Amino acid sequence: MKVLLSLLGGALLSASSVSLAANRWATATSPTPTVNGIESIGDYTAGCLRGALTLPENGEGYQVMRLSRQRYFGHPDLIQFIEKLGRSAVDKDWGTLLIGDLGQARGGPTPSGHRSHQSGLDVDIWFLLSREASKRKLSHGEREKWGAPSVLLPHSDTINPSQWSPAMEQVLETAALMPEVDRIFVNAAIKRELCNKNGPEARPWLKKIRPWWAHDDHFHVRLKCPIDSPNCKAQDPVPNSNGCDASLDWWFSAEAKTPSTVPKKAPAPLRLPEQCNAVLTE
């Protein structure tokens, strides 16, 4: 698990090293023409996206938040996933899904907020299932000012029963059962809640629910590499176990909660695949 802490430190340090490149990608505010092809290129933390589609700001069962960030672009598989999950929200009366960041118009590193979300296959979805948004379209001001509430009690690893609901578990299960989903990142306390509720023989879909730091106010869905994207780099497969074992206990240890004080080496400059040079200039 010390490797995970090292990776976290590297991710934090790398933010400054990629800032100049990130600004170049952020200023590309329109996707490449789809006639040039559609492809996720590279990996989730060092990649780009050709032929992105735009997620409409309002759809059946969902609304997009933080429009000013202009991170509502994704591979068609990601757009279709969000639309399917939105339809499930309507069919099952969960409330409206509030969609956070997807990726930039051509993917690539962002100036702030994420190291991933670069290849058009990641999306953040708030845990807040909004009944108010089910009644009307939110204003642009509301989309900027509303906050995503944590589902944990303050300064604890305990689920806040006033913020958590069975519908949230249903959303996660529905998303995890979709074959295009590779993994879903949530706070470790949420993973523990799901494991405890489902008993020692927790359901197989829970193996896709992966604990990670923060992620107490939203969950992060990551799709598998699409079949039209031979230059997409997949992550290692998730373990076959459901993750409701001793490996989950580590996330509540002092080691997990205390970042390493050992000085980290400066990370190497972010290197995107060669194909991304063309994506940025098309």
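Predicted model, so just to flag it, every value in this text is computed and none were measured.
Glu142 pairs in a side-chain hydrogen bond (donor to acceptor under 3.5 Å, both in side chains) with only one of the listed residues (Lys137, Gln63, Arg136), which is Arg136. Put simply, the residue from Gln80, Lys224, Lys84 that forms a side-chain hydrogen bond (donor to acceptor under 3.5 Å, both in side chains) with Glu180 is Lys84. Of the options Arg71, Arg222, His117, a side-chain hydrogen bond (donor to acceptor under 3.5 Å, both in side chains) to Asp122 is made by Arg222 and by none of the others.
Looking only at distances, no side-chain donor or acceptor of Gln70 sits under 3.5 Å from a matching main-chain atom of Leu67. Using a distance-only test at 3.5 Å, with no hydrogens or angles considered, a donor-acceptor pair links the side chain of Ser40 to the main chain of Ser119. Under a 3.5 Å cut-off, the side chain of Arg69 and the backbone N or O of Asp101 do not form any donor-acceptor pair. Remark: side-chain polar atoms of Tyr44 are paired, donor with acceptor, to backbone N or O of Leu223 under 3.5 angstrom. Although no hydrogens or angles enter the test, the distance criterion places a donor-acceptor pair under 3.5 Å between the side chain of Lys208 and the main chain of Met178.
The shortest non-hydrogen separation linking Gly61 to Ala89 is O-CB, 4.0 Å. When all heavy atoms of Pro226 and Asp77 are compared, the pair lying nearest together is CB-OD2, 3.4 Å. Considering every non-hydrogen atom in both Trp213 and Ala256, the closest pair reads NE1-O, 3.0 Å. In this structure, Ser241 and Lys207 approach most closely via the heavy-atom pair O-CB, 3.1 Å. Heavy atoms only, all atoms of each residue included: Pro273 and Ala46 are closest at CD-O, 3.5 Å. Across all their heavy atoms, His140 and Glu57 have their closest contact at NE2-OE2, 3.3 Å.
Residues Trp251 and Asn187 are not in side-chain contact: their nearest non-hydrogen atoms beyond the backbone lie 4.5 Å or more apart. Proximity of Pro111 to Gln104: side-chain heavy atoms (C-beta onward) are separated by under 4.5 Å at one or more points. For the pair Leu121/Cys232, a side-chain contact is recorded, criterion being any heavy-atom separation below 4.5 Å from C-beta on. Side-chain contact between Ile79 and Pro76: absent, with no pair of heavy atoms (C-beta onward) separated by less than 4.5 Å. Taking the side chain as every heavy atom from C-beta outward, Glu282 and Arg50 approach each other to under 4.5 Å. Side chains of Trp94 and Thr174 form a contact here, defined as non-hydrogen atoms less than 4.5 Å apart. Within the 4.5 Å cutoff, the side chain of Val221 has heavy atoms near those of the Val123 side chain. Inter-residue side-chain proximity for Leu152 and Thr158 is flagged as unmet; no heavy-atom pair is nearer than 4.5 Å.
The pair Asp157-Lys257 counts as a salt bridge, with a side-chain nitrogen and a carboxylate oxygen less than 4.0 angstrom apart. Between Glu193 and Lys197, no side-chain nitrogen of the basic residue sits less than 4.0 Å from a carboxylate oxygen of the acidic one, so the salt-bridge criterion is not met. Residues Glu173 and Arg203 are paired through a salt bridge, judged by an N-O separation under 4.0 Å between the basic side chain and the carboxylate.
By the rule that hydrophobic residues join a cluster once side-chain heavy atoms approach within less than 4.5 Å of another member, Trp25 and Leu270 end up as members of one cluster. Transitive grouping of hydrophobic side chains (ILVMFWY, heavy atoms separated by less than 4.5 Å) brings Trp205 and Val186 into a common cluster. Cluster membership for Val238 and Trp250, using ILVMFWY side-chain heavy atoms within less than 4.5 angstrom, is not shared. One hydrophobic cluster, built from ILVMFWY side chains closer than 4.5 Å, holds both Ile82 and Val171. Cluster membership check: Leu172 shares its hydrophobic cluster with Val181, using side-chain heavy-atom separations under 4.5 Å among Ile, Leu, Val, Met, Phe, Trp and Tyr.
A ring-centre distance under 6.0 Å is not found for Trp126 and Trp146. Ring centroid separation for the pair Phe219 and Phe127 comes in under the 6.0 Å cut-off.
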Q: Determine, stepwise, if the pair Thr96 / Ser134 fulfils side chain to side chain donor-acceptor pair (under 3.5 Å).
A: CA-CA 5 Å; Thr96 292; Ser134 298; 2.8 Å; yes
Q | Step-by-step side chain to side chain contact (heavy atoms under 4.5 Å, CB included) determination, Leu55 to Leu102 | A | CA-CA 9 Å; Leu55 179 68; Leu102 283 70; 4.0 Å; yes
(Q) Please determine whether side chain to side chain contact (heavy atoms under 4.5 Å, CB included) holds for the pair Glu144 and Ser68, giving the CA-CA distance in whole Å, both sets of side-chain angles, and the decisive distance to 0.1 Å. (A) CA-CA 8 Å; Glu144 297 298 322; Ser68 64; 2.8 Å; yes
Q: In sequence, state the C-alpha distance, the side-chain angles, and the governing distance for Val279 and Ile41, and then conclude on side chain to side chain contact (heavy atoms under 4.5 Å, CB included).
A: CA-CA 10 Å; Val279 171; Ile41 299 168; 3.9 Å; yes
Q: Mind running side chain to side chain contact (heavy atoms under 4.5 Å, CB included) on Arg24 and Leu280 for me, showing each step along the way?
A: CA-CA 8 Å; Arg24 289 196 303 146; Leu280 192 58; 3.4 Å; yes
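Neither side chain, Ser116 nor Thr45, offers a donor N or O lying under 3.5 Å from an acceptor on the other. There is no side-chain donor-acceptor pair under 3.5 Å between His215 and Asp124. For Gln235 and Asp43, the side-chain atoms include no donor-acceptor pair closer than 3.5 Å. Looking at Ser150 and Gln163, their side chains never bring a donor and an acceptor atom within 3.5 Å of each other.
Distance check, rounded to the nearest 0.5 Å: CG of Leu153 to CH2 of Trp164 gives 13.5 Å. Atom-to-atom distance recorded for Ile125:CD1 and Leu128:CG is 12.5 Å, nearest 0.5 angstrom. Atoms CD1 and CZ, on Ile209 and Arg183 in that order, are 11.5 Å from each other to the nearest 0.5 Å. In this structure, Leu129 CG and Ser165 OG are separated by 5.5 Å, a value rounded to the nearest 0.5 Å. The CG atom of Asp245 sits 8.0 Å away from atom SG of Cys195, with the distance rounded to the nearest 0.5 Å. Expressed to the nearest 0.5 Å, how far OH of Tyr62 lies from CG of Leu98 amounts to 12.5 Å.
Relative to the six-membered ring of Phe73, Arg106 misses at least one condition, a distance below 6.0 Å or an angle of at most 45° to the axis. Stacking of Arg192 on the aromatic ring of Phe252 is recorded, both the 6.0 Å distance cut-off and the 45° axial limit being met.
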